[in-house]
Number of protein chains: 2
Amino acid sequence: MGVQTDLREKLISDYAKLSPQMQKAARYILDHPSDVALRSMRALARAADVPPSTITRLMSAIGVETWQEFRDHYQNRLLDQPASYAQRARETQRTENDANRDEHLLESICRTEIDNISAAFSPELVSRMIEACEAIEDARQVFIVGRGAAYPAACQFAYAYRLFCDNGVLVDGHSGTFGDELRGIGRRDLLIAVGAKPYIRDTVRAVEFARSQHCPVIALTDSDVSPIAMDALCKLVVRDTSQSFFQSFTAALSVMQALVALLVARGGPKALQRIAAAEEQLAVFDTYLED
Amino acid sequence: MGVQTDLREKLISDYAKLSPQMQKAARYILDHPSDVALRSMRALARAADVPPSTITRLMSAIGVETWQEFRDHYQNRLLDQPASYAQRARETQRTENDANRDEHLLESICRTEIDNISAAFSPELVSRMIEACEAIEDARQVFIVGRGAAYPAACQFAYAYRLFCDNGVLVDGHSGTFGDELRGIGRRDLLIAVGAKPYIRDTVRAVEFARSQHCPVIALTDSDVSPIAMDALCKLVVRDTSQSFFQSFTAALSVMQALVALLVARGGPKALQRIAAAEEQLAVFDTYLED
DNA sequence: ATAAAGCTGAAACAAGTGTTTCAAAATTTG
DNA sequence: CAAATTTTGAAACACTTGTTTCAGCTTTAT
């Protein structure tokens, strides 16, 4: 059962009880952990100046079934994934009885969602989000497009953005065709396009049109080579890994919300003031339930 | 120019000139860089759903002699950039000047979002989600309501749900008033209501109306005592903690997506069949961009 | 010293690796 | 429409992989 003992610690504590050759191997592993993750067992054995069989013996000595298991552990450490994702996935597949199947699925979804979010706030993405903010702040008008499953994320941003800026336009095709809504788009404007595979034709067309009018594009999508990301000023590539048939737009939504938060933070008191005004207006329309 | 050309950039810039299969491979590599460093070429090919030869061909297409060379490049990248999330968090906390203020904010948003998601998949919520699924499966019609900031989450569910069930209705007020859309709601139906503080009057009214018609309610909201959750058959209470002025709907969206995944999983092959049919229909309408 | 216990490394193994080849299929061209 | 060209994936390849086996080599205890 999954007592997630750290194999490195195990290696250290058992070190004294190992045979000389195994100690040699163990020592090399302790000194060169990344070799375990990246090189083959034989290559490691060569580097440690030890026959391959010694490594195998070392494995069983520290209570590890197979080299694969050991390597997986080190690979996950390198990726900074606290729990062995692959291993857990296998575990989940094993217990396939009907009673716990649903719980397993949800647990696995949870892990995936967290992974997706973590990846979305990687240092690289963070700096790209800051770039995106700068572009948004400089834009005359901000168009937001997202169809199908990506619509909610686009919608979320548009809704929040409009509470403190009045230059946001959600291109949703509700009011006639796309062409109408994008009319007049130009180099001083900005298009935020959201979409993952399968790419919806309308979204790609909107991006292409914007580009043809020299309007810069911020792409929130699933790949660097997504058609939406082509020639984009700023590519916000997020994971949409999911257990189900549908892609997950959780990370996309999260990034959208983060952009809003960032814009407000950078906007200072002026932004907050505008939000207050917007809220007041909504209150006038009796939108909210008073407590 | 530098021998140290970034192979990733090369892959992106040459992407358009590659053959379809190579694009498939290139795309997988771009989306899963750590697979290059950690897994074997054949394993990667399998994951990318491409024959091994395609990878070899891709190598020569981008001017790389051998897979080894390519892999080494990615391994070095992985080692150079140990920017583990936790580590980075500690680093950033040290420097507290204005330049890093944005990074800090995003960092903190990330943590909060992960917390929100984790809480949403707690054992208690998991079992409630399973209850919710059972209710949805038994319902004659499934109405989904969510206004304002909660609209995207409602929308997301409605979109996905409609791909495999035809008894879902998104109550969004687009087609006239709420009253119209909820007409005929009754004890055999189900209302899924989404909303957090500040509660929007329309949503609460919809819940009250449903209740008056003896229609059970599933509430996706921020508190057990939220007006939306009153007398609900099933309360899915998620956190919406956020660094910004706006609540975060990430957890709500995630739960919605999880519900969909669960419904599909429980629906078995029949559900998948329906999805296939829906996809086909979308293809007929030329919705998607072909690859 | 000598038998018992273990440790060690060469060799053998089945399975998996990266690469090349080649004929069929798909696409483009004339 | 057919011919020329490109693209594709299965098969074959030589080699490496992780593991097991086994005979020789310590070491140790009597």
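Quick note on labels: first sequence line is chain A, next is B, and so on, each numbered from 1.
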Check ion pair [X]-[Y] (N to O, under 4.0 angstrom):
X: B:Arg77; Y: B:Asp6; answer: yes
X: B:Arg162; Y: B:Asp166; answer: no
X: A:Lys10; Y: A:Asp14; answer: yes
X: A:Arg205; Y: A:Asp202; answer: yes
X: A:Arg147; Y: A:Asp172; answer: no

Mind listing the side-chain donor-acceptor pairs of residues 49-61 of chain B below 3.5 Å, one per line with the distance, residues two or more places apart or on another chain?
residue, atom, partner, partner atom, Å
B:Asp49, OD2, B:Lys24, NZ, 3.3
B:Ser60, OG, B:Thr56, O, 3.4
B:Ser60, OG, B:Arg57, O, 3.0

Provide, to the nearest angstrom, the distance between the [atom1] atom belonging to [X] and the [atom2] atom belonging to [N].
X: A:Gln68; N: C:dG16; atom1: CD; atom2: P; answer: 10 Å
X: A:Trp67; N: D:dT20; atom1: CH2; atom2: P; answer: 15 Å
X: B:Arg71; N: C:dT19; atom1: CZ; atom2: P; answer: 10 Å
X: A:Leu44; N: D:dG18; atom1: CG; atom2: P; answer: 9 Å

Problem - DNA chain D-proximal residues of residues 51-61 of chain A, any heavy atom under 4.0 Å - result: A:Pro52, A:Ser53, A:Thr56
Fill in the blank from the handout: Here the residues of residues 11-41 of chain A within 4.0 Å heavy-atom distance, strictly under, of DNA chain D are A:Ser40, A:Met41
Nucleotide N/O of nucleotides 12-15 of chain C paired with protein N/O under 3.5 Å:
none

Handout entry: Inter-residue atom distance A:Leu233.CG - A:Leu190.CG, 0.5 Å rounding
Key = 7.0 Å
Exercise for the section: Could you tell me the separation between the OH atom of A:Tyr74 and the CG atom of A:Leu7, rounded to the nearest 0.5 Å? Expected result: 7.0 Å
Exercise for the section: Check for a donor-acceptor pair, side chain of B:Gln75 on one end and backbone N or O of B:Ala37 on the other, with a separation under 3.5 Å. Expected result: yes
Could you tabulate the donor-acceptor pairs under 3.5 Å formed by side-chain atoms of residues 256-270 of chain B, not counting sequence neighbours?
residue, atom, partner, partner atom, Å
B:Gln257, OE1, A:Phe249, N, 2.8
B:Gln257, NE2, A:Glu113, OE2, 3.4
B:Gln257, NE2, A:Ser248, OG, 3.0
B:Gln257, NE2, A:Thr250, OG1, 2.9
B:Arg266, NE, B:Glu137, OE2, 2.8
B:Arg266, NH1, A:Asp102, OD2, 2.8
B:Arg266, NH2, B:Glu137, OE1, 3.0

Exercise for the section: Could you tell me whether the phosphate oxygens of D:dG18, OP1 or OP2, come under 4.0 Å of any side-chain nitrogen or oxygen in A:Thr66? Expected result: no
Exercise for the section: Kindly write out the residues that satisfy salt bridge (Lys or Arg N to Asp or Glu O under 4.0 Å) with A:Arg46, not counting sequence neighbours, or none if the list is empty. Expected result: none
